[in-house]
Amino acid sequence: MITLVENSITIDEYLYLREQVGWVALSDRQAQLAIENCLYNVKAVDENGYILGMGRIVGDGAVICYIQDLVVIPEAQGKGVGSMIINALIDYVKSIKDEGSTMMLCLMCAKGREPFYEKHSFIARPTEALGPGMIQYLR
């Protein structure tokens with residue numbers, strides 16, 4: 001049985017998950033600030049409390065939010081964990097959106113992961129009206 005736990009991810013869990021999927025290593029301070037400064041986070045744990053994945057929401061909470069760090073350990077991928085997490089993230093953003101307003105919920109996905117997000121109603125950019133997502137790494 002998989003349980004979602006809100007706003008309780010630890011620095012060690014965050015760094016562990018990033019390492020499990022081969023993401024860029026962060027310092028403890030970066031991890032701490034990332035967790036402290038997000039609007040919301042949720043982690044998925046199994047019946048033994050073992051962490052399987054997590055996701056964060058960052059943004060201004062009014063006009064735009066971003067799904068950040070949606071990560072599931074390799075052995076739990078393809079088992080619905082990512083869908084549980086993304087649905088919790090979407091539900092959170094819906095819960096903070098002002099009635100009658102529109103809020104953008106954005107993300108940048110890893111190459112090849114587009115079908116997962118498309119099945120959760122995200123659209124890939126560019127489109128006729130929207131240019132590509134862009135990024136700059138500051139080192």
Side-chain angles (χ1 to χ4, degrees):
M1 179 173 162
I2 298 167
T3 304
L4 295 180
V5 183
E6 297 177 313
N7 298 316
S8 69
I9 188 142
T10 68
I11 294 168
D12 289 340
E13 289 171 329
Y14 182 50
L15 293 174
Y16 166 78
L17 290 170
R18 293 180 61 89
E19 179 184 353
Q20 291 303 298
V21 295
W23 287 359
V24 173
L26 302 177
S27 70
D28 286 357
R29 177 157 168 72
Q30 283 179 298
Q32 177 183 352
L33 291 171
I35 294 166
E36 287 175 2
N37 291 324
C38 69
L39 297 174
Y40 173 80
N41 67 70
V42 63
K43 66 182 176 183
V45 296
D46 69 11
E47 60 277 356
N48 299 313
Y50 181 73
I51 191 160
L52 303 174
M54 60 91 50
R56 298 187 306 129
I57 294 290
V58 299
D60 60 26
V63 176
I64 190 163
C65 286
Y66 291 88
I67 292 178
Q68 190 63 44
D69 299 330
L70 178 55
V71 57
V72 175
I73 61 172
E75 51 270 31
Q77 292 176 8
K79 298 179 180 174
V81 176
S83 289
M84 289 177 69
I85 293 169
I86 199 168
N87 287 333
L89 297 173
I90 293 167
D91 287 346
Y92 169 79
V93 174
K94 286 179 179 177
S95 78
I96 64 169
K97 184 184 81 58
D98 283 343
E99 189 174 331
S101 70
T102 299
M103 188 179 316
M104 291 179 283
L105 179 57
C106 304
L107 60 86
M108 293 182 64
C109 74
K111 191 165 182 65
R113 302 287 189 200
E114 297 88 350
F116 170 79
Y117 293 103
E118 288 168 346
K119 104 176 160 180
H120 293 282
S121 301
F122 286 85
I123 58 171
R125 293 179 68 169
T127 67
E128 296 246 346
L130 301 170
M134 310 277 301
I135 190 168
Q136 179 182 137
Y137 288 101
L138 304 173
R139 293 188 159 86

Worksheet entry | Smallest separation among heavy atoms of C65 and L39, with atom names | SG-CD1, 3.9 Å
Discussion item. Please list all pairs meeting salt bridge (Lys or Arg N to Asp or Glu O under 4.0 Å) that have one or both residues in residues 44-57, counting only residues at least two apart or in different chains.
Written reply: R56-D69
Response to the item:
salt bridge (charged side-chain N to carboxylate O under 4.0 Å, His left out) filter on E13, not counting sequence neighbours, yields K43
Worksheet item: Just by distance, do the side chain of R18 and the backbone of A25 share a donor-acceptor pair under 3.5 Å?
Response: no
Item to complete: Enumerate the residue pairs fulfilling side-chain hydrogen bond (donor to acceptor under 3.5 Å, both in side chains) with a member in residues 130-139, sequence neighbours excluded, ordered by first and then second residue.
Response: none
Practice prompt. Sequence neighbours left out, what pairs pass ring-ring contact (aromatic ring centres under 6.0 Å, His included) with at least one residue falling in residues 101-129?
Written response: F116-H120
Worksheet, complete the sentence: Heavy-atom closest pair (A44 atom, I2 atom, distance to 0.1 Å) is CB-CG2, 4.0 Å
Contacts under 3.5 angstrom, residues 71-82 side chains, donor-acceptor by atom type, not counting sequence neighbours:
from	atom 1	to	atom 2	distance (Å)
Q77	NE2	V72	O	2.7
K79	NZ	E75	O	3.0

Worksheet entry | Pairs touching residues 51-82 that satisfy ring-ring contact (aromatic ring centres under 6.0 Å, His included), sequence neighbours left out | none
Practice prompt. Indicate the atoms forming the closest heavy-atom contact of P132 with P126, along with that distance.
Written response: N-CB, 3.8 Å
Worksheet item: Does D60 have any side-chain contact (heavy atoms from CB on, under 4.5 Å) partners at least two apart in sequence or in another chain, and if so, which?
Response: A62, V63, I64
Discussion item. If you compare all heavy atoms of L105 against all heavy atoms of I67, which two are closest, and at what distance to 0.1 Å?
Written reply: CD1-CG1, 3.8 Å
Determine all donor-acceptor pairs shorter than 3.5 Å in which one atom belongs to a side chain in residues 86-96; sequence neighbours excluded.
from	atom 1	to	atom 2	distance (Å)
N87	ND2	S83	O	3.1
S95	OG	Y92	O	2.6

Item to complete: Using modelled atom types only, decide if a donor and an acceptor are shared between the side chain of Q32 and the backbone of Q30 within a distance under 3.5 Å.
Response: no
Fill in: Euclidean distance, D28 CG relative to D12 CG, rounded to 0.5 Å
7.0 Å
Worksheet, complete the sentence: Nearest heavy-atom contact between I123 and L130 is CD1-CD1, 4.0 Å
Practice prompt. Heavy atoms only: give me the nearest V58-C38 pair and the separation to one decimal.
Written response: CG1-CB, 3.9 Å
Item to complete: Could you state whether L26 and V21 fall into the same hydrophobic cluster, counting links through intermediate Ile, Leu, Val, Met, Phe, Trp or Tyr residues with side-chain heavy atoms under 4.5 angstrom apart?
Response: yes
Worksheet item: Going only through I, L, V, M, F, W and Y residues with side-chain contacts under 4.5 Å, is there a path from Y50 to I11?
Response: yes
Practice prompt. For side chain to side chain contact (heavy atoms under 4.5 Å, CB included), just list the numbers for V5 and V45, CA-CA rounded to whole Å, side-chain angles, deciding distance to a tenth of an Å, and then say yes or no.
Written response: CA-CA 8 Å; V5 183; V45 296; 4.1 Å; yes
Fill in: Separation between CE of M104 and NZ of K97, rounded to the nearest 0.5 Å
13.0 Å
Worksheet item: Taking atom CG of N41 and atom CE of M54, what is their separation to the nearest 0.5 Å?
Response: 5.5 Å
Fill in: Sequence neighbours excluded, every pair satisfying salt bridge (Lys or Arg N to Asp or Glu O under 4.0 Å) that has a member inside residues 117-135
none
Practice prompt. May I have all residue pairs that pass ring-ring contact (aromatic ring centres under 6.0 Å, His included) and include part of residues 4-27, sequence neighbours excluded?
Written response: none
Response to the item:
With sequence neighbours left out, the residues meeting side-chain hydrogen bond (donor to acceptor under 3.5 Å, both in side chains) with E6 are Y40
Discussion item. Filter on side-chain hydrogen bond (donor to acceptor under 3.5 Å, both in side chains), then keep only pairs touching residues 102-112, sequence neighbours left out; what's left?
Written reply: none
